[in-house]
Visitor: 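Please see the structure below; I have some questions.
Letters A, B, ... are given to chains in the order of the sequence lines, protein chains preceding strands, and every chain is numbered from 1.
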Amino acid sequence: MLFSKLLIPTLKDAPQEAEVISHKLMLRAGMIRKVASGIYTWLPLGLKVLKKIENIVREEMDASGAQEVFMPMVQPKELWDETKRWEKMGPELLRIQDRHERDFCLGPTHEEVITDIIRDNVKSYKELPLNIYQIQTKFRDEVRPRYGIMRGREFLMKDSYSFNIDEESLQETYLLMRDTYKKVLERIGLEYKISAADSGAIGGDSSEEFHVLAENGEDTIAVSDSSEFAINTELLLKEGEDINSLEGKPSPDGNGTIQIKKGIEVGHIFKLGKLYAESMKANVLNAEGKASTLHMGCYGIGVSRLVAAAIEQNFDEKGIIWPHSIAPFDINIIAIGFDKDKDIASASIKLHEELTDMGYDVLLDNRKDGYGAKMKDSELIGIPLNIIIGKSYLENQEVELKGRNGQSSSNPISDIKTILDFFKDKK
RNA sequence: CGGGGUAUAGCGCAGUCUGGUAGCGCACUCGCUUUGGGAGCGAGUGGUCGUAAGUUCGAAUCUUACUACCCCGACCA
């Protein structure tokens, strides 16, 4: 794609509204713009990243055997009355009325809708287990939205709901989802911890949170310095105890000592048990021909929050350093003098074509600016590999390869294989 | 909802204390020269100074009310 044709409004200075790194960089890189507090428009560059994460999540969910659906954002009060959540939930549930003055809410989650579908359409244990998911915009009227996309009111979430005949089956699905989430985060390339969590307002039997480790994380978790163990500090603190007092104590799992880390909660998996199925009378017939209440699980990943979390974990003073898996573009061809020199123009267009044909997502910076301005933008938006076509191309057909990680080398432009090898190392 | 802060051009800011009819940098437009680390010169475009009311001959500036946004807290799949 041609840089000159894309809407990528980069900024030298971050707007004063932004405080945390990911928010500043997303604004500066031209990924998002605010529409109202906690509500954002995703511009082309931001949307590309969002879609890449969404696709990784979708692929892993599909691979796990889950099935994708798409539920409505607007939901009728009657369903929420069944679980008593219409009254239980506070103002974070945004309520609206239609022209007939019927009550609706903007969906902050979809247990009611999906349970309604399943109870009407699934009648036998033979059809179970089922794991249904969607990737959809959620709305929660947060008391205080903050940090840009990280804690917005409107956000993109993958939420799935499993329906199992018994606890044993639920446990299997739960572990499958736990494994799937690990695959998602590993594929994206983020450092994370899984911690036991308070199951909170959602209720249910047990839950675990997936935290991406980052300085600006909103959550504080206690991790063992010598095992996989991690736990939300809320569950570890006794009345009146200070978080810092935990540091250095023996880890509850018996391995090593506790370290306090900051994390961004990007995933949460729950075993709900019969909680919602009971209140909504979701039953199937079991092998004995008797009505049996469904066991449910629900599993969420904050897709839009992952964009911010990835930045919080990967940036430097120049800008974003995308993990290759979710970079908006794999390669940026920086053509110096594109508009003046026909050789530069034709060589960069040809290279763009070849690399695109090979399946890479390629940006061609054909703008009128000089080397410095183009590199600054490329570094800001975090593209993993730059290929610079300029003087040395005209002199001896060489291009410079410059990684976002600082690595660089000069190669003949014909040596595409080496270019790709350079890239492969980092992929 | 409690505490703190901000609001002047797309972004960053000055001007407000001490009222006199709006300015700087970047960006943007046109021309020429530039092009390997945010180019130079020249000429331009763009703002009812968050909103409303008040004081005054005169308000970005003083007064009052309101709104939006940000930060800390409470809250939080």
Side-chain angles (χ1 to χ4, degrees), chain A residues 7 9-20 23-24 27-28 30 33-40 85 89-93 107-111 138 140-148 150-153 155 157-161 181 197-204 206-211 216 218-219 232 234 264-272 275-276 296-302 305 318-319 334-341 344-345 365-380 386-395 398-400 402 408 410:
Chain A
L7 180 63
T10 58
L11 299 170
K12 280 188 187 174
D13 303 301
Q16 59 161 8
E17 71 189 45
E19 195 71 21
V20 297
H23 191 193
K24 282 183 181 170
L27 288 168
R28 287 191 55 210
R33 286 295 182 265
K34 183 175 69 184
V35 175
S37 182
I39 299 176
Y40 292 83
R85 288 211 288 186
M89 294 198 83
E92 68 271 16
L93 184 67
T109 179
H110 283 72
E111 281 85 7
K138 294 281 186 278
R140 293 179 193 168
D141 201 356
E142 296 279 352
V143 182
R144 183 148 87 86
R146 59 186 123 175
Y147 308 148
M150 189 116 85
R151 188 175 209 45
R153 290 190 290 176
F155 56 97
M157 182 176 182
K158 187 288 299 177
D159 49 324
S160 49
Y161 307 88
Y181 280 26
D198 187 350
S199 38
I202 200 87
S206 66
S207 77
E208 287 173 297
E209 295 171 343
F210 288 71
H211 284 97
N216 281 321
E218 280 193 278
D219 301 301
N232 193 310
E234 290 160 31
I264 299 164
E265 184 192 340
V266 297
H268 204 151
I269 54 178
F270 291 86
K271 277 193 269 182
L272 294 172
L275 192 66
Y276 294 98
M296 288 175 61
C298 74
Y299 320 92
I301 287 186
R305 184 179 279 182
K318 292 174 176 173
I334 293 182
I336 300 161
F338 183 94
D339 57 311
K340 283 284 170 63
D341 192 302
I344 297 279
D365 194 345
N366 61 330
R367 294 175 303 170
K368 220 177 165 181
D369 304 84
Y371 175 79
K374 291 185 180 186
M375 275 308 297
K376 290 284 182 193
D377 268 348
S378 189
E379 284 160 346
L380 174 63
N386 295 289
I387 301 178
I388 298 127
I389 301 187
K391 265 181 198 156
S392 54
Y393 170 73
L394 294 176
E395 283 159 12
E398 284 201 339
V399 294
E400 185 192 348
K402 194 161 181 172
S408 73
S410 274

Visitor: For B/rA39, what is the paired nucleotide under Watson-Crick or G-U wobble rules, both distances under 3.5 Å?
Guide: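 B/rA39 is paired, partner B/rU33.
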Visitor: Please report the distance separating the P of B/rU35 from the corresponding atom of B/rA43, rounded so that it comes out in whole Å.
Guide: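 Comparing P positions in B/rU35 and B/rA43 gives a spacing of 24 Å.
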Visitor: Find the distance A/Lys368:NZ to B/rG38:C1' and express it as a whole number of Å.
Guide: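 Rounded to whole Å, this separation is 17 Å.
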Visitor: Do A/Tyr299 and A/Lys158 come close enough that some side-chain heavy atom pair is under 4.5 Å?
Guide: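 A side-chain contact under 4.5 Å exists here.
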Visitor: Rounding to a whole Å, what distance do you find between A/Lys391:NZ and B/rU34:P?
Guide: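 For the pair A/Lys391 NZ and B/rU34 P, the rounded distance is 13 Å.
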Visitor: From CG of A/Asp339 over to P of B/rC32, roughly how many Å is that when rounded to an integer?
Guide: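 Distance, rounded to whole Å: 13 Å.
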Visitor: Go ahead and name the base partner of B/rA65; Watson-Crick or wobble counts if both distances stay under 3.5 Å, otherwise write none.
Guide: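 Partner of B/rA65: B/rU51.
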Visitor: Under 3.5 Å for both donor-acceptor distances, Watson-Crick or wobble: does B/rG20 have a partner, and if so which one?
Guide: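 Check on B/rG20: paired to B/rC57, both distances under 3.5 Å.
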Visitor: Please state the P separation for the pair B/rC13 and B/rA7 - nearest whole angstrom.
Guide: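 To the nearest whole Å, 9 Å.
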Visitor: With a 4.0 Å cut-off on N to O distance, would you call A/Asp339 and A/Arg367 a salt bridge?
Guide: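 No salt bridge links A/Asp339 with A/Arg367.
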Visitor: To the side chain of A/Val143, which of B/rC1, B/rU35, B/rG38 is closest?
Guide: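 The answer is B/rC1, which lies nearest to the side chain.
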Visitor: For B/rC75, give its Watson-Crick or G-U wobble partner with both distances under 3.5 Å, or none.
Guide: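 In the structure as shown, B/rC75 has no Watson-Crick or wobble partner.
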Visitor: Which heavy atom in A/Gly300 sits nearest to a heavy atom in A/Tyr181, and how many Å separate them?
Guide: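 Nearest heavy atoms, A/Gly300 then A/Tyr181: N-OH, 3.0 Å.
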Visitor: Looking at every strand, decide which applies to A/Gly300 at a 4.0 Å heavy-atom threshold: base, sugar-phosphate, or nothing.
Guide: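 Answer is nothing: A/Gly300 stays at 4.0 Å or more from every strand.
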Visitor: Given atom CE of A/Met375 and atom P of B/rA39, what is their separation to the nearest angstrom?
Guide: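 The distance from CE of A/Met375 to P of B/rA39 comes to 14 Å, rounded to the nearest Å.
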Visitor: Which whole number of Å gives the distance between the P atom of B/rG25 and that of B/rC69?
Guide: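 That atom pair is separated by 32 Å.
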Visitor: When rounded to the nearest Å, what value does the distance between P atoms of B/rC26 and B/rG42 take?
Guide: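 Roughly 12 Å separates the two P atoms.
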Visitor: Using a cut-off of 4.0 Å on non-hydrogen atoms, how would the nucleic acid contact of A/Asp159 be classed: base, sugar-phosphate, or nothing?
Guide: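 A/Asp159: no heavy atom of the nucleic acid under 4.0 Å.
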Visitor: Whole angstroms only, please: what is the NZ-P distance between A/Lys12 and B/rC26?
Guide: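 Result: 8 Å.
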Visitor: Between B/rA68 and B/rC49, how far is it from one C1' atom to the other, in whole Å?
Guide: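 16 Å, rounded to whole Å.
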Visitor: Decide whether A/Arg85 and A/Tyr276 meet the rule of one side-chain donor and one side-chain acceptor closer than 3.5 Å.
Guide: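 Judged by distance alone, the side chains do pair up.
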Visitor: Expressed in angstrom and rounded to an integer, what is the separation of A/Asp13 atom CG from B/rC24 atom P?
Guide: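 Those two atoms, CG and P, are 18 Å apart.
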Visitor: Shortest non-hydrogen contact from A/Arg140 to A/Pro108?
Guide: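 Closest approach of A/Arg140 to A/Pro108, heavy atoms only: NH2-O, 2.8 Å.
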Visitor: I want to confirm an ordering. Mapping A/Glu142 and A/Ile336 to their closest nucleotides on RNA chain B, which one lands closer to the 5' end?
Guide: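 Nearer the 5' end of the strand: A/Ile336.
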Visitor: Under a 3.5 Å cut-off for both contacts, is B/rG44 paired Watson-Crick or G-U wobble with anything, and if yes, with which nucleotide?
Guide: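 Here B/rG44 is engaged in a pair, and the nucleotide opposite it is B/rC28.
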Visitor: Would A/Arg153 and A/Asp141 pass as an ion pair if we require N to O under 4.0 Å?
Guide: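 Yes, A/Arg153 and A/Asp141 are salt-bridged.
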Visitor: Reckon A/Glu265 touches a base, only the sugar-phosphate, or nothing at all at heavy-atom distances under 4.0 Å?
Guide: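 Touches sugar-phosphate only.
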Visitor: If you find the nucleotide of RNA chain B closest to A/Arg305 and the one closest to A/Arg33, which residue's nucleotide is nearer the 5' end?
Guide: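 Nearer the 5' end of the strand: A/Arg33.
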Visitor: Is there a donor on the side chain of A/Asp377 or the base of B/rG38 sitting less than 3.5 Å from an acceptor on the other?
Guide: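 Indeed, a donor on one side and an acceptor on the other fall under 3.5 Å apart.
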Visitor: Show the nearest heavy-atom pair for residues A/Asn366 and A/Lys374, with the distance to one decimal.
Guide: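 Looks like C-NZ, 4.0 Å.
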Visitor: For a quick check of understanding: with a heavy-atom distance under 4.0 Å over all strands, which category does A/Glu395 fall into, base, sugar-phosphate or nothing?
Guide: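 It contacts nothing in the nucleic acid.
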Visitor: Taking all heavy atoms of A/Leu27 and all of A/Arg33, pick out the closest pair and write down the distance.
Guide: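 Shortest heavy-atom contact: O-NH1, 2.9 Å.
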Visitor: Measuring only the P atom in each nucleotide, how far is B/rU48 from B/rU61? A whole number of Å is fine.
Guide: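 The same atom, P, in both gives a distance of 16 Å.
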Visitor: Which is true for A/Asp341 with a 4.0 Å heavy-atom rule: it touches a base, it touches only sugar-phosphate, or it touches nothing?
Guide: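 Contact class for A/Asp341: none.
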Visitor: Tell me the interatomic distance from A/Asp369, atom CG, to B/rA27, atom C1', rounded to whole angstroms.
Guide: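 That distance rounds to 11 Å.
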Visitor: Regarding A/Glu19 and A/Arg146, does a basic nitrogen lie under 4.0 Å from an acidic carboxylate oxygen?
Guide: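 A/Arg146 and A/Glu19: not salt-bridged.
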Visitor: Choosing from B/rC11, B/rC26, B/rU34, which nucleotide comes nearest the side chain of A/Leu11?
Guide: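 Between B/rC11, B/rC26, B/rU34, the one nearest the side chain of A/Leu11 would be B/rC11.
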Visitor: Any donor-acceptor pair under 3.5 Å linking the side-chain atoms of A/Lys376 with those of A/Ser378?
Guide: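 No, no side-chain donor-acceptor pair sits under 3.5 Å.
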Visitor: For nucleotides 68-72 of chain B, tabulate all protein N/O to nucleotide N/O atom pairs closer than 3.5 Å, reporting atom names and distance.
Guide:
from: B/rC69; atom 1: OP1; to: A/Ser37; atom 2: N; distance (Å): 3.0
from: B/rC69; atom 1: O3'; to: A/Lys34; atom 2: NZ; distance (Å): 3.0
from: B/rC69; atom 1: O2'; to: A/Lys34; atom 2: NZ; distance (Å): 3.4
from: B/rC70; atom 1: OP2; to: A/Ser37; atom 2: OG; distance (Å): 2.8
from: B/rC71; atom 1: OP1; to: A/Tyr147; atom 2: N; distance (Å): 3.4
from: B/rC72; atom 1: OP1; to: A/Tyr147; atom 2: OH; distance (Å): 2.7
from: B/rC72; atom 1: OP2; to: A/Arg144; atom 2: NH1; distance (Å): 3.2
from: B/rC72; atom 1: OP2; to: A/Arg144; atom 2: NH2; distance (Å): 2.7

Visitor: Rounded to the nearest angstrom, tell me the gap between atom CG in A/Asp219 and atom P in B/rC75.
Guide: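 Rounded to whole Å, this separation is 13 Å.
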Visitor: For nucleotides B/rU8 and B/rC70, find the distance between their P atoms and express it as a whole number of Å.
Guide: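 About 15 Å, rounded to a whole number of Å.
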Visitor: So, under a plain 3.5 Å distance rule, would you say the side chain of A/Glu379 forms a donor-acceptor pair with the base of B/rG37?
Guide: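 Per atom types, the contact qualifies.
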Visitor: Give me the distance, rounded to whole Å, that separates B/rG23 from B/rA9 when you measure between the C1' atoms they each carry.
Guide: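 Each nucleotide's C1' atom is 11 Å from the other's.
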